[in-house]
Amino acid sequence: QVQLVESGGGLVQAGESLRLSCTASGITFNSYRMGWFRQAPGKEREFVAVINSSGGRTSYSDSVKGRFTISRVNAKKTVYLQMNSLKQEDTAVYYCAASLGISLVTTQSEYKYWGQGTQVTVSA
């Protein structure tokens, strides 16, 4: 059974940092590209960041580029999202997702497995 479990969410003030983690089980982790998505209240879920299976390539949405960093440790079957200079508009439920493939896809339909999400709230 495949499980992706996110952690690290919480309540922070604008300008502060958080690091999200997502640990996988039930998959050959180093074969999967991993993505982070988020869904703000009243909005559709959107792409945040993706990393390829080896960790050598990444891609980000324009809204987080330069502030967020995605990374992974395959030996720990874990992908991270370091979020710096957080803004109120970053408030959302953050999901990690796993997908087989080589290219850095940003489309949700390309991802087969999803975590349950972790809440990030950024106050003024």
Side-chain angles (χ1 to χ4, degrees):
Q1 182 179 355
V2 177
Q3 278 194 310
L4 301 178
V5 180
E6 301 99 335
S7 61
L11 172 64
V12 296
Q13 291 188 321
E16 294 184 339
S17 299
L18 272 178
R19 188 177 80 157
L20 306 183
S21 301
C22 170
T23 300
S25 60
I27 59 173
T28 305
F29 185 73
N30 59 12
S31 296
Y32 283 76
R33 57 196 167 192
M34 298 297 295
W36 285 97
F37 293 79
R38 67 186 182 185
Q39 187 167 20
K43 295 187 177 182
E44 294 186 352
R45 190 159 56 184
E46 63 175 5
F47 165 77
V48 174
V50 59
I51 189 167
N52 73 333
S53 58
S54 69
R57 292 186 296 134
T58 59
S59 181
Y60 300 89
S61 69
D62 287 343
S63 62
V64 308
K65 198 174 297 182
R67 299 187 299 122
F68 290 11
T69 302
I70 188 172
S71 62
R72 66 191 292 162
V73 178
N74 284 347
K76 295 184 177 181
K77 297 186 177 181
T78 300
V79 61
Y80 303 96
L81 186 68
Q82 177 67 44
M83 305 185 295
N84 297 331
S85 302
L86 282 161
K87 305 175 181 180
Q88 284 185 275
E89 51 262 45
D90 294 319
T91 295
V93 177
Y94 283 72
Y95 300 88
C96 71
S99 169
L100 281 170
I102 297 174
S103 58
L104 297 176
V105 293
T106 64
T107 307
Q108 295 180 53
S109 60
E110 296 283 352
Y111 289 81
K112 184 174 182 179
Y113 302 112
W114 291 82
Q116 81 290 347
T118 187
Q119 177 70 48
V120 172
T121 303
V122 184
S123 64

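Just the heavy atoms: all of them, side chains too, but no hydrogens, waters or symmetry mates, feed the values below.
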Novice: Between the main-chain N or O of Tyr95 and the side-chain N or O of Arg38, is there a donor-acceptor pair closer than 3.5 Å?
Specialist: no
Novice: Given the rule in the side-chain hydrogen bond (donor to acceptor under 3.5 Å, both in side chains) test, do Thr91 and Thr121 qualify, once you have shown the distances and angles that lead to the verdict?
Specialist: CA-CA 5 Å; Thr91 295; Thr121 303; 5.3 Å; no
Novice: For the backbone of Asn52 and the side chain of Arg72, can you confirm whether one donor and one acceptor N or O come within less than 3.5 Å of each other?
Specialist: yes
Novice: Evaluate Asn30 against Ser53 for side-chain hydrogen bond (donor to acceptor under 3.5 Å, both in side chains), listing each step before the verdict.
Specialist: CA-CA 5 Å; Asn30 59 12; Ser53 58; over 6 Å; no
Novice: Between Asp90 and Lys87, is there a salt bridge with N-O shorter than 4.0 Å?
Specialist: no
Novice: Do side-chain atoms of Ser99 reach the backbone of Glu110 as a donor and acceptor pair under 3.5 angstrom?
Specialist: yes
Novice: Is the backbone N or O of Thr69 less than 3.5 Å from a side-chain atom of Tyr80, with the two atoms forming a donor-acceptor pair by type?
Specialist: no
Novice: Give a yes or no on this: more than 12 heavy atoms of other residues, nucleotides or ligands lie within 6.0 Å of atom CD of Glu89.
Specialist: yes
Novice: With distance as the sole criterion, is a donor-acceptor pair present between the side chains of Ser109 and Thr107 under 3.5 Å?
Specialist: no
Novice: Does the side chain of Ser21 come within less than 4.5 Å of Lys76's, by heavy atoms?
Specialist: no
Novice: Are the side chain of Glu6 and the backbone of Cys96 linked by a donor-acceptor contact shorter than 3.5 Å?
Specialist: yes
Novice: What verdict does the side chain to side chain contact (heavy atoms under 4.5 Å, CB included) test give for Lys112 and Val2, after you've listed the backbone C-alpha separation in whole Å, the side-chain angles of each residue and the deciding distance to 0.1 Å?
Specialist: CA-CA 10 Å; Lys112 184 174 182 179; Val2 177; over 6 Å; no
